[in-house]
Amino acid sequence: MPATKTILKLGDYELNVTHPDKMIWPDMNITKLDYIQLLAKLGPYLLPHSTGRYLTTIRYPEGIAGTSFYQKNAPKPTPPFVKIAQDGNIHYVVLDSMETLVWLGSLYSLELHVSCEIIGDPLPDRWILDIDPSLDEEPRIMEAASLVGELLHSLGLDAVAKTSGATGVQVVMPIERGPTFDELRAFGKFVSEYLTVRNPKLFTVERFKKDRGTLIYLDYLQFHPGRTLAAPYTPRARPGAPVSTPLTWDEVARNPAPTDFNLLNIEQRLKERGELISQMKPQPLGRVLKSISTL
């Protein structure tokens, strides 16, 4: 007879995991308990990118094929180990511990999206460009990411491309602290408009989808206080259990698919390659911004 409840010990707290055998990703044979265990293994790599940021989750109580809902306010009852940060009328969970991650997994939080800003800090620690396809299936998405990388390299900068886990790619650049969000948005505008002029059959900066046709949208506006992006290593509620995964530029050139990196193989990849974003030295974007302003 299938188990109806499993108790997990989180320090002094006992977490009752109901319906541990419920199928969450049927195509991958991943149950609720499997998911919680796999999510915990991702914790050491995911938590550095969610700590100190507002969290929005997408919950799927019946698995990926069922009804879902976004949640910004902390679910109740909230265990004592969960840190809460208030912004306006919203009481956000701050995902800063393995206990909180496991608890969220037990609530069917299959996607974890974090704020662009660090709570209480006006200066960003990274720059992100969201590369968003207009087509449901876009075979050119890695080519698009490569072109962004090439432009950054020509400016003496490096970054990491990561799959969103869905259809897009984000280019993430850890930076030396100093530039403001406004300055980073101006840099994103420069990169996006330059690439669009050079590649008019590939890119667009048109904000509305109806105006993009089949072009790939370079969304420099999404990296903004109050907005969120899929956290590195968040799972996505899609067939194949894809995970938002940072890539090397050599891997980008080989044109991988989002489902190449999933909950069942991501642990081995991370053991072999480590966490690529954290390995990167913060880039001197402030100096580059000064150089661009003199052109």
Side-chain angles (χ1 to χ4, degrees), residues 116 124-176 178-225 227-230 232 244-258 276-277 280-295:
C116 296
D125 66 340
R126 60 194 62 191
W127 171 80
I128 301 177
L129 180 64
D130 193 19
I131 306 174
D132 187 13
S134 300
L135 302 173
D136 292 337
E137 294 187 16
E138 177 51 88
R140 304 169 297 172
I141 194 67
M142 291 298 167
E143 176 191 354
S146 290
L147 289 171
V148 174
E150 289 171 10
L151 176 56
L152 295 177
H153 292 154
S154 74
L155 296 171
L157 299 167
D158 202 358
V160 176
K162 79 171 182 73
T163 67
S164 70
T167 58
V169 172
Q170 286 102 36
V171 174
V172 183
M173 182 197 302
I175 62 170
E176 295 175 356
T180 65
F181 272 101
D182 286 344
E183 290 171 323
L184 295 192
R185 200 156 46 254
F187 178 68
K189 185 174 187 288
F190 163 79
V191 168
S192 301
E193 291 182 346
Y194 177 86
L195 287 171
T196 297
V197 169
R198 293 292 297 269
N199 305 274
K201 294 183 179 180
L202 182 63
F203 291 123
T204 181
V205 291
E206 290 289 346
R207 189 171 183 184
F208 297 107
K209 196 166 185 177
K210 65 181 179 64
D211 298 324
R212 298 179 202 164
T214 62
L215 299 176
I216 294 172
Y217 177 42
L218 294 176
D219 186 0
Y220 61 88
L221 296 172
Q222 185 62 24
F223 187 64
H224 188 283
R227 296 177 184 168
T228 63
L229 287 164
S244 179
T245 304
L247 308 173
T248 67
W249 290 111
D250 285 344
E251 288 176 316
V252 171
R254 293 197 287 271
N255 195 31
L276 297 179
I277 297 174
M280 177 167 288
K281 181 180 179 181
Q283 298 294 293
L285 183 54
R287 280 176 270 168
V288 174
L289 292 176
K290 291 179 181 177
S291 300
I292 292 174
S293 68
T294 63
L295 296 178

Are the side chain of Trp249 and the backbone of Ala159 linked by a donor-acceptor contact shorter than 3.5 Å?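 Yes, the answer is positive, given that a donor and an acceptor are paired below the 3.5 Å cut-off.
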
Side chain Ser164, main chain Val169, donor-acceptor under 3.5 Å: no

Note, Val172 side chain near Pro246 side chain (heavy atom, < 4.5 Å):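 When only atoms from C-beta onward are counted, Pro246 and Val172 do not touch, as no gap falls below 4.5 Å.
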
Quick check for you: to the nearest 0.5 Å, what is the distance between [X] atom [atom1] and [Y] atom [atom2]?
X      : Y      : atom1 : atom2 : answer
Leu215 : Glu206 : CG    : CD    : 9.0 Å
Arg207 : Asp219 : CZ    : CG    : 8.0 Å
Glu193 : Phe203 : CD    : CZ    : 13.5 Å
Leu147 : Met142 : CG    : CE    : 13.0 Å
Met173 : Phe187 : CE    : CZ    : 5.0 Å
Arg254 : Thr248 : CZ    : OG1   : 6.0 Å

Qualifying residue for side-chain contact (heavy atoms from CB on, under 4.5 Å) with Leu135, from Thr167, Ile216, Thr214: Thr214

Passing option when Gln222 is tested against Gln170, Arg185, Arg227 for side-chain contact (heavy atoms from CB on, under 4.5 Å): Arg227

Any idea which heavy atoms bring Tyr220 and Ser192 closest together, and the distance?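 Distance-wise, the nearest heavy atoms are CD2-OG, 3.5 Å.
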
